[in-house]
Amino acid sequence: MAQQSALTPQAEDFPRWYQDVIAKAELADNGPVRGTMVIRPYGYGIWERIQAELDARIKAAGAKNAYFPLFIPESYLTREAEHVEGFSPELAVVTHAGGAQLAEPIVVRPTSETVIGEYMAKWVQSYRDLPLLLNQWANVVRWELRPRLFLRTSEFLWQEGHTAHATREDATAYAQHIQLEVYRDFLVNVLATPTYVGIKPPSERFAGAINTLTCEGMMRDGKALQMATSHELGQNFAKAFEMRFQSSEGKEELCWTTSWGASTRLVGGLIMAHGDDQGLIVPPRVAPIQLVILAIKETPEVTAVVTKLGDALRTAGIRVEIDRGSGSFGRRVVDWEIKGVPLRLEVGPRDLEQGHVILARRDTGDKQSLTVDTVVSTTTALLADMHDEILASATMRLETNTHEVNSVDEAIEASSGGFGRISWDLLVDGGEAQLRDQAITVRCLQRADGSLPVDEQESGLVALVAKSY
RNA sequence: CGGGGAGUGGCGCAGCUUGGUAGCGCGCCUGCUUUGGGAGCAGGAGGUCGAGGGUUCGAGUCCCUUCUCCCCGACCA
């Protein structure tokens with residue numbers, strides 16, 4: 001049987017590969033309204049893993065979950081000038097409800113700074129109430145002209161954190177803490193995606209923020225993807241919503257606020273950062289299924305061993321699925337490869353006669369045979385190694401496709417299949433616009449050593465430029 | 001909004017030039033055989049051809065109107 005590839009090869013047409021893999025791995029479907037997305041169980045399983053890992057880190061950072069309404073009075077949005085200007089083109093507005101036209105239109109939240117600001121103002125009276133650290137898991141709507149599943153949908157799922165602080169320093173420190181200890185830590189240790197952490201140039205900043213921090217990842221086609229951001233909002237929203245508190249000296253002062261978010265876009269990032277021509281490669285810690293046991297043929301012996309192994313692996317804390325399915329061996333293997341399940345344990349009558357089973361890795365394709373009694377220990381160790389190796393190869397790709405450049409022309413060249421690293425000074429005077437004409441943007445600004453700058457005025461900053469999703 | 005395409009079973013497409021029984025691949029269902037890298041054979045289900053109007057004995061095909069979707073250019077997690 002001629003081996004025909006199940007997916008469009010990445011090198012042939014990357015966007016097509018992306019669509020193919022989403023369909024064939026059963027991650028998502030287009031919704032009935034343009035730009036909307038149906039997340040299928042396997043895709044949602046990945047999102048649930050992302051949620052669990054992020055939520056734990058957010059709680060460790062001291063924030064507590066709450067929930068605010070989907071509907072926001074239009075007048076709230078208009079209170080912060082930059083914010084409303086930034087978001088008005090993509091708002092969905094409800095003008096009719098209950099069979100009548102509404103006196104004041106209601107906006108479907110594109111983000112919740114405004115409602116949350118209103119309530120924070122109510123809850124904060126004293127410096128003793130600060131910092132106020134909130135997070136919510138929610139859906140938001142931003143009407144998109146060019147939707148792409150997971151990457152840009154008109155409705156998406158995310159977490160949005162909102163905090164209020166007594167001082168600017170405290171707010172700055174918290175935004176940085178979230179960016180590094182929540183987002184970067186998650187991206188490295190769970191998603192196995194190395195990123196460049198930096199600040200956005202003014203042109204790319206969140207509407208209403210005085211500073212935006214970002215983690216920029218590189219996809220396998222060399223394009224950038226913004227994976228998570230946190231914003232220092234200064235006192236812009238505090239002013240608009242009169243978030244005041246009485247200091248220990250008895251003076252009335254304005255709060256300093258932050259907001260920060262990560263969305264279902266992360267699933268898109270996961271797909272494009274690791275996937276290959278055989279399908280997804282899901283790193284073990286984010287994998288809803290870490291190991292699939294594939295019963296090659298259902299003899300009583302195979303069934304017994306498969307059941308026993310499944311129980312043992314689950315007891316060891318590994319997320320296991322058993323495939324006793326009908327259908328050919330090859331077909332089932334290909335299907336699990338497309339889904340990117342990290343490990344596949346093949347159990348057949350022939351193996352059992354010889355007293356072993358076969359363990360195959362999705363990322364490298366390596367197979368080994370091992371005795372039944374060593375399966376749990378081998379698997380546990382291998383899952384840990386696989387995370388490190390997937391991260392290492394992604395890091396290698398990030399580094400080899402990032403080029404130091406010294407001119408705008410070289411930056412354009414570097415952006416054809418990766419990132420350019422260029423002195424920010426070379427871009428401030430018209431260079432950024434020149435890049436933008438080539439669909440290249442400044443993804444973030446860093447210090448020369450890769451650390452986070454305070455603001456874009458700092459001298460000696462380096463810009464990472466690339467085409468992006 | 002400017003430019004370019006496409007609407008035909010679940011998905012991907014042919015048929016239209018030159019009107020005459022609506023087809024192909026994949027998928028799906030049933031049965032038998034097969035499960036060690038996308039199984040084989042046999043049988044079967046499933047379509048108001050985007051919508052409306054017109055021409056004609058007869059329209060997927062020709063004419064008019066209309067709707068929708070996709071791709072490329074200005075925003076965004």
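Convention: sequence-line order gives letters A, B, ...; per-chain numbering from 1. Small disclaimer: the values here were computed from a predicted structure and weren't measured.
The residue among G365(A) and R34(A) whose nearest nucleotide of RNA chain B lies closer to the 5′ end is G365(A). For the pair Q226(A) and K297(A), nearest-nucleotide mapping onto RNA chain B gives the more 5' position to K297(A).
Each of rA77(B), rC75(B), rG36(B) was ranked by its minimum atom distance to the side chain of R436(A); first place goes to rC75(B). Taking the side chain of R331(A) as heavy atoms from C-beta on, and the options rA77(B), rG36(B), rG27(B), the nearest nucleotide is rG27(B). The side chain of V334(A) approaches rG37(B) more closely than any other nucleotide in the set rG36(B), rC76(B), rG37(B). Side chain of R332(A), nearest nucleotide from rA74(B), rA77(B), rU35(B): rU35(B).
If you take CG of L157(A) and P of rA77(B), they are 17 Å apart, rounded to a whole angstrom. L91(A) has its CG atom 13 Å from the C1' atom of rC75(B), to the nearest Å. Rounded to an integer number of Å, the gap from L151(A) CG to rA77(B) P is 13 Å. If you take CZ of R443(A) and C1' of rC76(B), they are 10 Å apart, rounded to a whole angstrom. Distance, L270(A) CG to rA77(B) C1': 16 Å, rounded to whole Å. Note: CG (L149(A)) to P (rA77(B)) measures 19 Å, nearest angstrom. Put simply, CD on E204(A) is 7 Å from P on rC76(B), counting in whole angstrom units. What separates CZ of R146(A) from P of rC1(B) is a distance of 16 Å, to the nearest Å.
Paired with T172(A) under the rule side chain to side chain donor-acceptor pair (under 3.5 Å), one option of H177(A), E232(A), H165(A) passes, and it is E232(A). Here the options are E337(A), R361(A), R362(A), the test is side-chain contact (heavy atoms from CB on, under 4.5 Å), and the partner is R344(A); only E337(A) passes.
G86(A) comes within 4.0 angstrom of nothing in the nucleic acid, heavy atoms only. Across all strands, E298(A) comes closer than 4.0 Å to no nucleic acid atom at all (heavy-atom distances). Residue L266(A) is classed as having no contact, given no heavy-atom separation below 4.0 Å to the nucleic acid. In this structure, R324(A) reaches neither bases nor backbone, as no heavy-atom distance under 4.0 Å exists between it and the strands shown. Note on E144(A): a base of the nucleic acid sits closer than 4.0 angstrom, heavy atoms only. Using a 4.0 Å heavy-atom cutoff across all strands shown, G348(A) reaches at least one base atom of the nucleic acid. Across all strands shown, T153(A) has heavy atoms under 4.0 Å from base atoms, whether or not it also approaches the sugar-phosphate.
Atom CD of E432(A) and atom CH2 of W424(A) lie 4.5 Å apart (nearest 0.5 Å).
The six-membered or imidazole ring of F87(A) lies near that of F206(A), with a centre-to-centre distance under 6.0 Å.
Between rG46(B) and rU55(B), the distance separating the two P atoms is 34 Å to the nearest Å. A distance of about 37 Å separates the C1' atoms of rU21(B) and rG4(B), rounded to the whole Å. Using C1' as the reference atom, rU61(B) and rC71(B) are 26 Å apart when rounded to the nearest Å. The same atom, C1', is picked in rG52(B) and in rG7(B); the two are 16 Å apart, to the nearest Å. Here the separation of rC75(B) from rG15(B), taken at their P atoms, is 40 Å to the nearest Å. Taking atom P on both rC11(B) and rG47(B), the two are 14 Å apart, rounded to the nearest angstrom. Going from the P atom of rU17(B) to that of rG60(B) covers 13 Å, rounded to whole Å. Comparing the P positions of rG43(B) and rC49(B) gives an interatomic distance of 29 Å, to the nearest angstrom.
By the 30° and 60° cut-offs, the orientation of the rings of F241(A) relative to F237(A) is parallel. In this pair, W260(A) and Y183(A) present their aromatic rings perpendicular. The plane angle is above 60°, beyond the 30 to 60° band.
Between the R443(A) side chain and the G198(A) main chain, no donor and acceptor come within less than 3.5 Å of each other.
The base of rG37(B) sits within donor-acceptor range of the side chain of R344(A), with an N or O pair under 3.5 Å. Taking 3.5 Å as the limit, the base of rG36(B) and the side chain of K367(A) contain no donor-acceptor pair of atoms between them. With hydrogens and angles ignored, no donor-acceptor pair under 3.5 angstrom links the side chain of S328(A) to the base of rA39(B).
Across all strands shown, rU48(B) forms no Watson-Crick or G-U wobble pair with both key distances under 3.5 Å.
The aromatic ring of F329(A) does not stack onto the base of rG37(B), failing the criterion of a centre distance under 5.5 Å from the six-membered base ring together with planes under 30° apart.
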Could you walk me through whether M243(A) and T257(A) satisfy the side chain to side chain contact (heavy atoms under 4.5 Å, CB included) test, starting with their C-alpha distance in whole Å, then the side-chain angles of each, then the deciding distance to 0.1 Å, before giving a yes or no? CA-CA 9 Å; M243(A) 301 165 64; T257(A) 65; 3.5 Å; yes

